[in-house]
Amino acid sequence: MLGVCYYPEHWDEDWWAEDARQMREMGIRYVRIAEFAWSRMEPSPGRYDWGWLDRAIEVLAGEGLRVVLGTPTAAAPKWLVDMYPDVLPVFADGKARGFGSRRHYTAASKRFRAETDRIVTEMAKRYGGHPAVEGWQIDNEFGGDDTVLLYGPEDAEGFRAWLSARYQSVEALNRAWGNVFWSMEFRSFGEVIPPAGQVSDANPAALLDFWRYSSDSLAEYCAAQADILRKYAPGRFITHNFMGFFHQFDHARLAASLDFCSWDSYPLGKVEHFPLSNEERARWYDTSHPDFSAFHHALYRKLRNDRFWIMEQQPGPVNWAHWNPAPRQGMVRLWGWEALAHGAEVVSYFRWRQVPFAQEQMHAGLQRPDRQLSPGGKEVAVLGREIEAVGSLPQIMQADVAIVLDYEAAWVTTIEPQGEDFNYKLLLHRWYEALRRHGINVDVLTPGAPLEGYKLVLVPCMPSISEAAMAAFEATDAHLLFGPRSGSKTENFAIPSTLPPGILQHFLPVTVAEVSSLRLGVEIAVSGEGVSGTISRWRELLETELDAMVTAKDGAPVMVGNERASYLGAWADPDLLHAIFGMMLDRFDIAKTTVPEHVRLQRRGKLMFVFNYGPGAWTIPFETRRFLLGQKTVPACDLAIFEPGRSSSV
Ligand code: GAL
């Protein structure tokens, strides 16, 4: 199912009917509108103008299109900011950011919350029961443009209230944070300030709590909008469009008020923003990396009710990365199919037509500004026909292997990197990549998600193990594989009394006696039964009676384990990771097919999908039966959908 993001307010009303007709003809069924149109909905305080939106919805519905309405809170109008300048976000430098782009608010502002309630209520009352409005998107990309951690007076006030609810007494707070160090003790909660602007490092425990508070504050803000929508738009879905590789708030917590997650997939833009080497960036510059989108499809599907949408899919060059290449021919179609293979219910493109004015004029749409299809638009038209021909896709099954993303791990390792090259995002990506190179489906979960039914659960790094996470680990029969720094902190950002991996010693009698972070270029050779390779960036000295599964050339254990769990106390480089995971998959009887770096397999029920990110063709090495799309040899930037033959192990 295809969708598109449309901005009727950007175009002549005379064009709307033709636009809607062309959307339908391309196979588009869903249209998201209105998420930045507050100034048109309420041109001046309390004076609403719904006429244009009524007509736009009417025109779209006239072509049978289903509408997703965005609440407009990511772009408050000028009059609101002038009336209430306190809603503006204050950054860590102490300066408020002004009007003139978007996301210019703090969710801690009581005034902004009241204004939000008002506009969302008015909108929901008007359209909540509209037959063409099938669902709602709350706000737009929470946290975008670095707006999670904010430092204004109301953020500080909210933080103090949050701390007082959590710790009850200021003595407990002082103890939890270790404030005796450097005379940081407070006499009352009223003395607490957000951790920014100090001479040198702020207390990491304070930073972690500030991050937790900020994350909770956004989740609360989203839930307040959801409550209004549930009241006035009963039976309609509620979603939010999350971003990729964005760890600044706890997405699981925010998703709790949604029916399902959506996410905005910009595969090429992300190549430029991700901490890959320049060689890798050049390698994937116009196809993207074959695990970037897949990882997020898996994450957002599992985050809420096993459902997800792509709300914004890249159709051509974007405007916001360091460099903005056009996708290689075939990739727009491939990314669309890839999302469907991973269970996306709808793939919606950003945007219908490239806009010739304002900030995003260099961002492609399905149409060019002259109303002709863009190269990406042409591929989407093909995709629309193929989706029609292939028909409904089977249910996606639970994978044998899960990997756990921990938002707090991103915060802890950012707050206390200890080595410049310990990058949590990259670690997570490397683990996922190494798994996917074995041709298997991988579920992506968050801490505390049920782990029943998995054979192998990988936790690349989880410094602080919450009660919920521990309960899920204890309840599963899956083998647990923990990576570096797991269990290395208490929930108050302190070293556990029994040393790392702390509470995980329940599974594994091992002690991390010392850690070394390593500058890039330092590589240590390691080997084990059937595996060899290098570690870099991070190395832990493990004290244990357990047998070593991987040992460094100096004889020290690098990976140890027992029946129940394993611990990998180092940053393992890609080939080593691939070998270790291969060994683990064999050990737990999980069928694998080694694929080249540019090919990925994805199973959906009885169907198998092959995605070839190029540059060379790939011939499927196992038995195949009926092809729904493509053939045994899959050309570069192309795909195949088929049923694997009986004799194939995959
Ligand atoms: C997204 C955002 C859209 C648009 C798009 C451009 O992050 O939600 O509104 O700006 O990027 O790529």
Side-chain angles (χ1 to χ4, degrees), residues 3-11 30-40 68-77 100-105 136-148 218 222 225 239-249 251 254 258 261-274 286 288 292-293 296 300 308-327 331-332 335-336 339 346-369 374-377 380:
V4 77
C5 303
Y6 187 52
Y7 300 90
E9 70 276 21
H10 295 177
W11 310 108
Y30 287 91
V31 187
R32 183 197 66 180
I33 59 174
E35 82 280 9
F36 294 118
W38 194 338
S39 72
R40 287 295 170 97
V68 180
L69 275 183
T71 68
T73 45
S101 62
R102 56 179 170 180
R103 298 223 60 78
H104 42 280
Y105 72 85
W136 293 76
Q137 172 188 300
I138 292 178
D139 204 282
N140 189 81
E141 292 190 344
F142 278 127
D145 300 308
D146 262 332
T147 50
V148 176
L218 264 189
C222 179
Q225 290 205 28
T239 188
H240 170 71
N241 58 333
F242 296 89
M243 293 180 276
F245 294 122
F246 189 77
H247 296 163
Q248 301 264 334
F249 63 88
H251 289 35
L254 192 132
L258 309 174
C261 296
S262 302
W263 82 281
D264 295 346
S265 175
Y266 291 95
L268 295 192
K270 291 297 171 188
V271 172
E272 280 306 328
H273 282 212
F274 198 74
D286 63 352
S288 191
F292 276 12
S293 298
H296 293 93
Y300 288 115
F308 79 103
W309 280 32
I310 304 294
M311 195 57 88
E312 300 180 10
Q313 176 69 48
Q314 177 168 358
V318 299
N319 64 304
W320 45 260
H322 304 300
W323 289 271
N324 298 291
M331 290 312 294
V332 170
W335 295 328
V346 170
V347 180
S348 164
Y349 287 86
F350 183 90
R351 51 186 282 159
W352 172 244
R353 182 182 301 113
Q354 181 174 353
V355 65
F357 50 82
Q359 280 94 328
E360 295 185 342
Q361 46 187 288
M362 296 305 287
H363 193 297
L366 297 182
Q367 284 197 353
R368 311 183 309 204
S374 66
V380 173

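All values below were derived from every heavy atom in this structure, side-chain atoms included, with hydrogens, water molecules and symmetry-related copies excluded. Start at 1 and go down the list; that is how both ligands and their atoms are numbered.
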Inset, instruction - Run the numbers on H10 and R351 for side-chain contact (heavy atoms from CB on, under 4.5 Å), then give the verdict. - result: CA-CA 12 Å; H10 295 177; R351 51 186 282 159; 2.9 Å; yes
My understanding is that only residues two or more places apart in sequence, or in another chain, count here; which of them pass ring-ring contact (aromatic ring centres under 6.0 Å, His included) with [X]?
X    : value
F242 : H240, H251, Y300
W309 : Y30, F237, F260
F274 : F245, F292, H429

Legend entry - Residues in contact with ligand 1, criterion: heavy atom under 4.0 Å: F36, R102, N140, E141, D264, Y266, E312, W320, F350, E360, H363
Legend entry - Test: E141 and R103 ion pair at under 4.0 Å: no
Inset, instruction - If the plane angle is over 60° it's perpendicular, under 30° parallel, otherwise tilted; pick one for F142 and F249. - result: perpendicular
